[in-house]
Amino acid sequence: DAGVIQSPRHEVTEMGQEVTLRCKPISGHDYLFWYRQTMMRGLELLIYFNNNVPIDDSGMPEDRFSAKMPNASFSTLKIQPSEPRDSAVYFCASRDRGAGNTIYFGEGSWLTVV
Amino acid sequence: GEDVEQSLFLSVREGDSSVINCTYTDSSSTYLYWYKQEPGAGLQLLTYIFSNMDMKQDQRLTVLLNKKDKHLSLRIADTQTGDSAIYFCAEGNAGNMLTFGGGTRLMVKP
């Protein structure tokens with residue numbers, strides 16, 4: 001399996017622009033997670049889905065952030081409008097219900113908002 | 001809420017053993033995990049241990065779990081420069097949402 005695939009790997013955008021991050025989870029995994037990683041706050045869970053349904057979005061920082069999962073093989077995280085403090089690495093991850101309920105991470109989308 | 005604590009930094013010499021420690025607070029943890037993050041990359045699962053186990057060994061990696069003290073450790077034998085990375089401890093409960101520690105940066109000196 002190719003693993004969790006995220007795009008874009010790197011994005012630099014201007015403040016106020018819309019940013020869309022994309023994720024393809026591992027086939028057959030039933031949970032999908034969006035995390036954000038910064039030096040100051042470490043790894044934060046933003047939102048997670050179970051069988052394409054959002055379960056907990058309490059980690060989403062504000063209304064500027066939204067996430068969707070229209071089907072089992074695709075999810076998006078959107079920031080509109082973006083702000084410099086949104087600069088971070090955004091990770092998508094999916095969970096294998098089998099061995100150890102293990103969560104597998106993508107390589108991350110490195111976002112810089114200038 | 002759940003809390004997972006790790007020391008920030010560890011430095012060892014190549015060939016020595018590294019021991020990275022982690023404490024957690026959630027007594028209902030089902031699985032405990034170690035992830036490795038190399039620069040510019042995502043988190044890579046190294047190993048996990050079920051909460052009813054005391055020890056798990058996988059090649060150079062040994063995980064020890066003291067459930068009474070809620071203490072988890074990762075020992076890397078014969079540490080190599082390629083082991084330099086940030087290591088994250090995480091605990092998962094019945095709902096299996098993981099809580100991550102802040103990560104321990106391991107530096108291996110030649």
Side-chain angles (χ1 to χ4, degrees), chain A residues 1-11 21 23-26 29-51 54-59 88-112, chain B residues 1-9 20 22-24 26 28-53 55-58 61 63 65 72 74 85-105:
Chain A
D1 199 314
V4 176
I5 299 172
Q6 292 187 244
S7 64
R9 284 298 317 277
H10 300 272
E11 177 146 352
L21 307 178
C23 175
K24 181 180 188 304
I26 294 172
H29 285 193
D30 58 346
Y31 279 77
L32 182 139
F33 306 84
W34 283 100
Y35 286 88
R36 178 172 71 175
Q37 186 179 39
T38 61
M39 288 292 292
M40 292 298 296
R41 301 173 71 93
L43 202 59
E44 303 173 278
L45 177 63
L46 300 178
I47 185 171
Y48 71 92
F49 296 81
N50 178 216
N51 294 322
I55 302 300
D56 185 349
D57 66 354
S58 59
V89 185
Y90 291 82
F91 288 107
C92 178
S94 65
R95 192 186 84 171
D96 178 1
R97 269 212 89 96
N101 289 328
T102 307
I103 291 179
Y104 294 88
F105 284 77
E107 291 292 289
S109 291
W110 300 67
L111 174 65
T112 303
Chain B
E2 302 88 359
D3 193 23
V4 179
E5 298 285 342
Q6 301 178 239
S7 54
L8 285 176
F9 189 75
I20 303 171
C22 169
T23 57
Y24 60 97
D26 187 358
S28 67
S29 295
T30 309
Y31 291 99
L32 294 120
Y33 306 82
W34 284 104
Y35 283 84
K36 175 184 180 183
Q37 185 179 30
E38 297 181 358
L43 277 71
Q44 172 196 358
L45 176 70
L46 283 179
T47 187
Y48 65 90
I49 187 169
F50 190 48
S51 60
N52 69 354
M53 298 170 63
M55 186 182 83
K56 181 177 181 181
Q57 187 154 3
D58 183 1
L61 304 180
V63 178
L65 174 60
L72 183 74
L74 174 69
I86 302 175
Y87 290 81
F88 290 90
C89 165
E91 61 91 15
N93 56 26
N96 276 294
M97 297 308 110
L98 297 195
T99 301
F100 284 87
T104 300
R105 183 178 295 274

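The chains referred to below are lettered A, B, ... by the order of the sequence lines, with proteins before strands, and numbering in each begins at 1.
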| said: Determine whether the aromatic ring centres of residues A/Phe105 and B/Phe100 are separated by less than 6.0 angstrom. | reply: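 Yes, the ring centres sit under 6.0 Å apart.
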| Taking it one step at a time, do A/Leu43 and B/Tyr35 satisfy side chain to side chain contact (heavy atoms under 4.5 Å, CB included)? | CA-CA 12 Å; A/Leu43 202 59; B/Tyr35 283 84; over 6 Å; no
| Region of B/Leu45 that comes under 4.5 Å of a non-hydrogen atom in chain A |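 When you check distances to chain A, only side chain atoms of B/Leu45 fall under 4.5 Å.
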| task | Please state whether the side chain, the backbone, both or neither of B/Gln44 comes within less than 4.5 Å of a heavy atom of chain A. | result |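 For B/Gln44, no heavy atom lies under 4.5 Å from chain A.
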| said: What residues of residues 34-41 of chain A make heavy-atom contacts with chain B at a cutoff under 4.5 angstrom? | reply: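 Interface residues of residues 34-41 of chain A: A/Tyr35, A/Gln37.
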| message | Can you give me the closest heavy-atom contact between B/Gly40 and A/Arg9, atom names plus distance? | response |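 Distance-wise, the nearest heavy atoms are O-NH2, 3.4 Å.
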| request: Tell me, please, which residues at least two apart from A/Asn50 pass side chain to side chain donor-acceptor pair (under 3.5 Å). | output: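 For A/Asn50 there are no side chain to side chain donor-acceptor pair (under 3.5 Å) partners, ignoring immediate neighbours.
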